[in-house]
Amino acid sequence: MVWETNGPEETFALGKELGQKAKAGDVYCLNGDLGVGKTVFTQGFASGLGIEGPVNSPTFTILQEYEDGRLPLYHFDVYRIGDVEEMDEIGYEDCFYGEGVCLIEWSNLIEEILPEKVTSIGIEKDLSKGFDYRRIVVEERI
Ligand code: ADP
Ligand code: MG
């Protein structure tokens with residue numbers, strides 16, 4: 001499924017829609033260059049899960065958990081990960097194969113430990129279509 005947005009509020013709304021549909025055990029993989037809108041999407045997604053607190057990139061902690069929504073959200077941002085052993089230390093398996101919802105920014109960096117069944121979301125700019133244009137591809141692997 002391909003979506004096109006023309007501003008952060010539209011990307012937020014798409015994230016929110018997917019957050020509303022998310023089910024226990026779902027894993028969402030989010031990829032795209034710096035500044036493309038991954039965090040905006042994640043904020044919408046968290047809002048769709050009913051999470052009210054502020055959601056930012058957990059860049060220095062890799063994992064941030066939110067417990068105040070309809071389901072627990074495990075928000076990973078693995079941009080600064082050195083190697084996948086750091087994921088073991090975090091106890092990622094309890095998150096990936098648990099009863100909450102995982103959203104992993106920069107999941108391409110930890111491809112080898114991702115579950116088989118994930119929903120992958122790629123966000124891209126296309127400056128020929130305007131500064132605020134984003135192309136968002138949502139693909140469910142089953
Ligand atoms: P990332 O987490 O991918 O590094 P952010 O979500 O932090 O990126 O930042 C995206 C920036 O792009 C924000 O400043 C946002 O306002 C801006 N922006 C402009 N157009 C869009 C759009 N269509 N979707 C998402 N963000 C957009
Ligand atoms: Mg970010």
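Remember, it's 1-based here, ligands and their atoms both numbered in the order they're listed. Given the structure is predicted, the values throughout are model-derived calculations rather than measurements.
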Heavy-atom donor-acceptor pair, Lys38 side chain to Leu30 backbone, under 3.5 Å: no
If you count heavy atoms of other groups shown closer than 6.0 angstrom to CD of Glu85, is the number above 12? no
For side-chain contact (heavy atoms from CB on, under 4.5 Å), just list the numbers for Phe41 and Leu103, CA-CA rounded to whole Å, side-chain angles, deciding distance to a tenth of an Å, and then say yes or no. CA-CA 10 Å; Phe41 178 93; Leu103 190 148; 4.2 Å; yes
For Tyr133 and Glu4, what are the C-alpha separation, side-chain angles and deciding distance, and is it a side-chain hydrogen bond (donor to acceptor under 3.5 Å, both in side chains)? CA-CA 7 Å; Tyr133 172 90; Glu4 294 177 300; 2.5 Å; yes
Just jot down the ligand 1 atoms closer than 4.0 angstrom to any heavy atom of Asp33, in number order. 3 (O)
Can you check whether Val55's main-chain N or O pairs, donor with acceptor, with Gln43's side chain at less than 3.5 Å? yes
re atom 25 (C) of ligand 1, the protein heavy-atom contact at minimum distance is Thr11 OG1, 3.4 Å
Over 60° means perpendicular and under 30° means parallel, so tell me whether Phe96 and Tyr92 are parallel, tilted or perpendicular. perpendicular
Part of Thr39 within contact of ligand 1 (heavy atoms, under 4.0 Å): both
Under 4.0 Å from any heavy atom of Leu34, which atoms of ligand 1 are there? 4 (O)
So does Asp83 have more than 12 non-hydrogen atoms from other groups sitting under 6.0 Å from CG? yes
Is Tyr79 close enough that one of its N/O/S atoms sits under 2.8 Å from the Mg ion (ligand 2)? no
Taking atom 8 (O) of ligand 1 as the reference point, the nearest protein heavy atom with its distance: Gly37 N, 3.2 Å
Heavy-atom protein neighbour under 4.0 angstrom from atom 23 (N) of ligand 1: yes
the protein heavy atom lying closest to atom 16 (O) of ligand 1 turns out to be Pro8 CG, 3.5 Å
Is there side-chain contact between Asp126 and Arg135, with heavy atoms separated by less than 4.5 Å? no
Should one rank Asp132, Val40, Ile136 by closest heavy-atom distance to atom 19 (C) of ligand 1, which comes out on top? Asp132
Heavy-atom proximity to atom 9 (O) of ligand 1 ranks first, among Gly7, Ala13, Gly32, Gly35, for Gly35
Return the option from Glu105, Arg134, Gln43 holding the heavy atom at the smallest distance from atom 17 (C) of ligand 1. Arg134
